[in-house]
Amino acid sequence: MNVIVNGQPHELPDSATVAELLRQLELPQRGMAVEVNQAIVPRARHAEHMLADGDKLEVVSLVGGG
Amino acid sequence: MSQALTEIALSSEQTLRVGSHLLKSRLIVGTGKYDTYATMRDSLALSGADCITVAVRRERLYDGQGQNILDFLDLQRYTLLPNTAGCYSAADAVRVARMGREILLSLENSGADWVKLECLGDAKTLLPDPLETLRATEQLVADGFQVLVYASDDPVMARRLKQAGAAAVMPAGSPIGSGQGVLNPNNIRIILEFLKDGDPDYPVIVDAGVGTASDVTIAMELGADGVLLNTGIAHARDPLGMARAMHAACEAGRLAYLAGRIPKRLYATASSPAEGVISMRPYG
């Protein structure tokens, strides 16, 4: 299936979870926030939240700012 | 030390309360625009701040992992204040605030329950959009956030934001990153009068526009509870030196505010006694 991650198309196995996506992207769960279709998926639910074809994700972290 | 001296020392150290947060320093500093993370880390330490702002951005997925800002921030020492910088609508600001909360929860940092709301209306001036800012404040308050609101120096808008439940109103001294200091001290004074009427501890923090140490002192002398700045340190020729200066300036301004300035007068008043002068006055 195909999802959109931070505005870019991304291919995933069917019924992959948020946790699996983060693993594939080699990203830690700590210090990240994941939004699926404009709703936050809390870290505790990353392993159980299954993604669907066409989902739009934002994966964000902290940067310097004022 | 005499009792009086002890009291002065203590009064300058009184904490700043914003919502449920107690800050030892009245200076809040940003983490953006530094040449290196090492300079940022050392500047933060020298500024004396215990609250620092951070921004939320898309993780760069494919171009390799560079240095991570978190490796240079002591999360035990600093309360992070996530911002919604770059948002131009209430809807986006609320989303980014929730992202910031999620990130800080994962870091177990005490700043997870608050946000610096920045909802812009114009890219060139970076002035806030008042209507979207008010909408976002209402939504974030309803969602349980303690909201510190970046605003213009309009006293009526500041009152609206307080009424909407803002934990602190943060009027800009001048445009973000402009270094123009406090352009309209009269408006800041009116905001302080409006928001502290019957509520003297309500926090008003001057946010943005600081160019050098005296700008911080002026804001604090007006009676602001704190100052939030970033570029003034990060883009100084010597950020570490300026961080020290800002630290001292904030304390100086607070102490001067508490001590009470003398009124401005048109004419001089001699500091040395008139009596016993050996010289004759040529005029009157």
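In the text below, chain A, chain B and the rest are named by the order of the sequence lines, each starting its count at 1.
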Quick check for you: to the nearest 0.5 Å, what is the distance between B:R57 atom CZ and A:E58 atom CD? 11.5 Å
When rounded to the nearest 0.5 angstrom, what distance separates CE in B:M99 from OG in A:S61?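 B:M99 CE to A:S61 OG: 11.0 Å, rounded to 0.5 Å.
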Among [options], which residue has the highest count of heavy-atom pairs closer than 4.5 Å to chain A?
options                       : value
B:D207, B:N230, B:L81, B:I103 : B:I103
B:S106, B:G32, B:G30          : B:S106
B:N83, B:V29, B:I28           : B:N83

Using non-hydrogen atoms only, which part of [X] is less than 4.5 Å away from chain A: side chain, backbone, both, or neither?
X      : value
B:K33  : neither
B:L75  : side chain
B:I176 : neither
B:I69  : side chain

Residues in residues 33-41 of chain A near chain B [non-hydrogen atoms, under 4.5 Å]: A:A33, A:E35, A:Q38, A:I40, A:V41
Chain B neighbours within residues 12-24 of chain A, where any heavy atom lies under 4.5 Å away: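 Interface residues of residues 12-24 of chain A: none, nothing closer than 4.5 Å to chain B.
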For the pair A:L27 and B:E59, evaluate side-chain contact (heavy atoms from CB on, under 4.5 Å) and give the outcome as yes or no after the intermediate values. CA-CA 9 Å; A:L27 293 174; B:E59 183 67 19; 3.6 Å; yes
Are there over 12 heavy-atom neighbours, none belonging to [X], within less than 6.0 Å of that residue's [atom1]?
X     : atom1 : result
A:M1  : CE    : yes
B:R41 : CZ    : yes
A:N2  : CG    : yes

Under 4.0 Å between a side-chain nitrogen and a carboxylate oxygen: does that hold for A:R43 and B:E102?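 Judged by the 4.0 Å cut-off on N to carboxylate O distance, A:R43 and B:E102 do not form a salt bridge.
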Do you know the tightest heavy-atom contact between B:A55 and A:G64? CB-O, 4.0 Å
Under a 4.5 Å cutoff for heavy-atom pairs, which residue among A:G31, A:P42, A:G7 has the most contacts with chain B?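 Result: the option with the highest number of such pairs is A:G31.
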Among B:V56, B:N68, B:N109, B:L73, find the one that has a side chain to side chain contact (heavy atoms under 4.5 Å, CB included) with A:L62.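 Among B:V56, B:N68, B:N109, B:L73, the one meeting side chain to side chain contact (heavy atoms under 4.5 Å, CB included) with A:L62 is B:V56.
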